[in-house]
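Remember, it's 1-based here, ligands and their atoms both numbered in the order they're listed.
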Amino acid sequence: MTSSLKGKDIIRADQFAPEEINLIMDTAARFESVLRADGRLTNMAGKVLATLFYEPSTRTRLSFETAMLRLGGQVLSVAEAKTSSSAAKGETLFDTGKMIEGYADVAVIRHPVTGSAQELAEGAGIPVINGGDGAGQHPTQALLDLYTIRKERGGVAGLTITLAGDLKNGRTVHSLAQLLAHFGVRFNFVAPDALAMPTEITAGLRDRGIEVHETPDLAEAVAASDVLYMTRIQKERFTDPAEYERLRGAYVVDAALVGQAKPGMIIMHPLPRVDEIKREVDDTPGAAYFRQAANGVPVRMALLALTTGRE
Ligand code: NCD
């Protein structure tokens, strides 16, 4: 049976079967080669994407919107959904979902509450894609991160991957750890104690036989890593500003640290960065974070086309 994502919601990174992940990667690579050749795509002609962003976003919203436009589709957008949509009047996401299916063929939501994308999806009869739900999941980021690792390193199996920073509140690392669990990697999780990876995620990985090494020591991890994935301390998830001030700046990647890295190590970051990676690192060959951001376009094109059956 050929795998299909038609009609499916994209809510969590652990929802995917390996053949679905491969299908997304292959479809993204196909779209990327058409874009590179300046080709035109019309897969989504006549279709409408609704983007509902209840939290700030630059990359995720713009890359989904350009992905839809590059596939010949159209976009409806509520940019400041929190204040300008009926959410301000108390409408539930379930009801918003019921309504949105009359307006669009596929929807992307970003929201500060964990589980919000699932609630919208339960109301909506169209595919709903989670563009980040609070400190929960960010599955489309994880897919573009995987796509980036494959492109930069030529494969994933056997790599040692270090996830560093705010592993408690960072939704990108939750999703990425679960997605990479399919590929025989080893993990280092580097975080201050207060920002450690949630135990349900580490336990889930260890149950699957994946090696996870937790340490607060970034330099030690970098010396043994093939991929260093930095994250921002997630200021907006802190209730105590003093705690944020105590923890910000916990890890900073500079040229000296990169000089001690294993040869060929790539540095990734979902962006935006605050102070975790110095500008001096940007010109080193392993600095992959801006290439990573660009990879969001073909991967999101693949997700839009596959969920609507237009691949
Ligand atoms: C991330 C997010 O929103 O979770 N940004 C993104 O989508 N590239 C990372 C972050 O905000 O730190």
remark   = A student comparing H269, R59, R232, R171 should find that the heavy atom closest to atom 2 (C) of ligand 1 comes from R171
inquiry  = Looking at R30 and E311, is any side-chain nitrogen of the basic one under 4.0 Å from a carboxylate oxygen of the acidic one?
reply    = no
query = Can K262 and D226 be counted as an ion pair, charged N to O under 4.0 angstrom?
reply = yes
key: Beyond-backbone contact of H213 with E220, side-chain heavy atoms, under 4.5 angstrom   = yes
query = Which atoms from ligand 1 have a heavy atom of Q234 less than 4.0 Å away?
reply = 10 (C), 12 (O)
Shortest protein heavy-atom distance from atom 9 (C) of ligand 1, along with the residue and atom involved = L271 O, 3.6 Å
Ion pair check, E236 and R171, cut-off under 4.0 Å = no
remark   = Logged contact type for E55 with ligand 1, heavy-atom cut-off 4.0 Å, is neither
query = Backbone or side chain, does any N or O of P270 fall under 3.5 Å from an N or O of ligand 1?
reply = yes
inquiry  = Salt bridge or not between R291 and E152? Use side-chain N to carboxylate O under 4.0 Å.
reply    = yes
Atom indices of ligand 1 within 4.0 angstrom of H138 heavy atoms, with elements = 2 (C), 4 (O), 6 (C), 7 (O)
Salt-bridge criterion met for D282 and R273 (N-O under 4.0 Å) = yes
query = Does a side-chain N-to-carboxylate-O contact under 4.0 Å join R248 and D275?
reply = yes
ask   = Could a heavy atom of T60 be found less than 4.0 Å from some atom of ligand 1?
value = yes
Which of the ligand 1 atoms, numbered from 1, are nearer than 4.0 Å to a heavy atom of Q141 = 6 (C), 7 (O), 8 (N)
message = One residue to check: T231. Relative to ligand 1, which of side chain, backbone, both or neither has a non-hydrogen atom less than 4.0 Å away?
response = neither
